[in-house]
Amino acid sequence: MSHRTALRRGRTVAVAGLITAAAFGLTACNGTGGSTAAPAASAAADTGAGNSTGAGGTTGGSDSAGTPSAKAGDGAAAAAAGDGTGRGGDQVARCTTDGLQAGWGSEGGGVPDMKTDQQQTVAVWLKNISGSPCRISGFPGVQIKGTEGTTWDLRRSGAAPQPKVLKPNAHTSFTIMLLPGTRADDHKVEPGLVLITPPNEKKHFQLQWPYGGAILDQSGATHPGTFVNPVNVP
């Protein structure tokens, strides 16, 4: 093992304690076709982070989101584990992809510095545009599609999901921790699209990656430095 590789592994171990061994299992999606977007409106999140469109198409997240985002495409996925109910004690229906908008940016996650080799944080907001309160809890599905054609389904952190009821036009968010790849000899993934599937859903949002740079490819690692946190958790 080279000295450079040893340093890189040391940098990854620093965040290993935050990761669970479970993976999402979100399958690759071609991002084409699909049903038309159910919500007709397209508006910025309450944070003023940017605009997004509604969702169409299909994929899966677990029950348990700047810049403009694109309409969802097609795909299929198995749902990961979450609170398993989709409803709270007050019988508020769970939030669905068709009743949400998504985009980059929120409290807890600014613009990542993709030129550093230190772990960075990005955030995705989810806004309730359904016209009725809805309940959301758990881990979203997150799949990175590299510009070279690779796909990477992010692992979950060890953070505990927290339920939340979103009133109409209210929003919540989740964060993605990532480890940029900056060295010439790094095995890297250059993100092109990121597929975001709300908890307990199979339809996804298809977001263009707006930050440039590359992420250190640890898609085969047990404790990668790039992973996703649950919604509603700062």
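All of these numbers come straight from a predicted model, not from anything done at the bench.
The two residues V92 and R135 have their closest heavy-atom pair at CG1-N, 3.7 Å.
Taking CG of D186 as the start and CG of L216 as the end, the distance is 5.0 Å to the nearest 0.5 Å. The line from CD1 of I144 to CG of L207 is 11.5 Å long, rounded to the nearest 0.5 Å. Separating the CD1 atom in I196 from the CH2 atom in W104 is a distance of 5.5 Å, to the nearest 0.5 Å. To the nearest 0.5 Å, the span separating NZ on K188 from CZ on R183 amounts to 10.5 Å. Rounding to the nearest 0.5 Å gives a distance of 3.0 Å between OG1 of T121 and CE of M177. Note: K145 NZ to D153 CG = 9.5 Å, rounded to the nearest 0.5 Å.
Listed by first then second residue, pairs satisfying disulfide (SG to SG under 2.5 Å) with a partner in residues 193-232 number zero, not counting sequence neighbours. Residue pairs meeting the disulfide (SG to SG under 2.5 Å) criterion with at least one member in residues 175-234, sequence neighbours excluded, do not occur.
Without hydrogens or angle criteria, Q143 side chain to T151 main chain gives no donor-acceptor distance under 3.5 Å. Listed for the T97 side chain is no donor-acceptor partner under 3.5 Å among the backbone atoms of H204. Checked by atom type and distance alone, the side chain of R155 pairs as donor or acceptor with a backbone atom of A221 at under 3.5 Å. Side chain of K115 to backbone of G213: no donor-acceptor contact under 3.5 angstrom is found.
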Worked verdict on L154 versus F227 for side-chain contact (heavy atoms from CB on, under 4.5 Å): CA-CA 5 Å; L154 298 192; F227 55 90; 5.6 Å; no
Derivation of the side-chain contact (heavy atoms from CB on, under 4.5 Å) call for Q208 and L193: CA-CA 5 Å; Q208 292 281 347; L193 295 174; 3.4 Å; yes
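With T172 as the partner, the side-chain contact (heavy atoms from CB on, under 4.5 Å) test is satisfied by one option alone out of V165, V233, N232: N232. Applying side-chain contact (heavy atoms from CB on, under 4.5 Å) to L166 and the options N128, I129, V231 leaves one that passes, N128.
Considering only residues two or more places apart in sequence or on other chains, W152 meets the ring pair (Phe, Tyr, Trp, His ring centres under 6.0 Å) condition with none of them. In this structure Q120 satisfies the side chain to side chain contact (heavy atoms under 4.5 Å, CB included) test together with P112, D113, T116, Q118, L178, P180, sequence neighbours excluded. With sequence neighbours left out, T150 forms a side-chain hydrogen bond (donor to acceptor under 3.5 Å, both in side chains) with E148. S219 pairs by the side-chain hydrogen bond (donor to acceptor under 3.5 Å, both in side chains) definition with D217, not counting sequence neighbours.
Counting heavy atoms from C-beta outward, P199 and C95 have side chains that stay 4.5 Å or more apart. Looking at P140 and V228, their side chains come closer than 4.5 Å, going by heavy atoms from C-beta outward. Looking at I215 and P191, their side chains come closer than 4.5 Å, going by heavy atoms from C-beta outward.
Judged by distance alone, the side chains of D117 and T182 never bring a donor and an acceptor atom under 3.5 Å apart.
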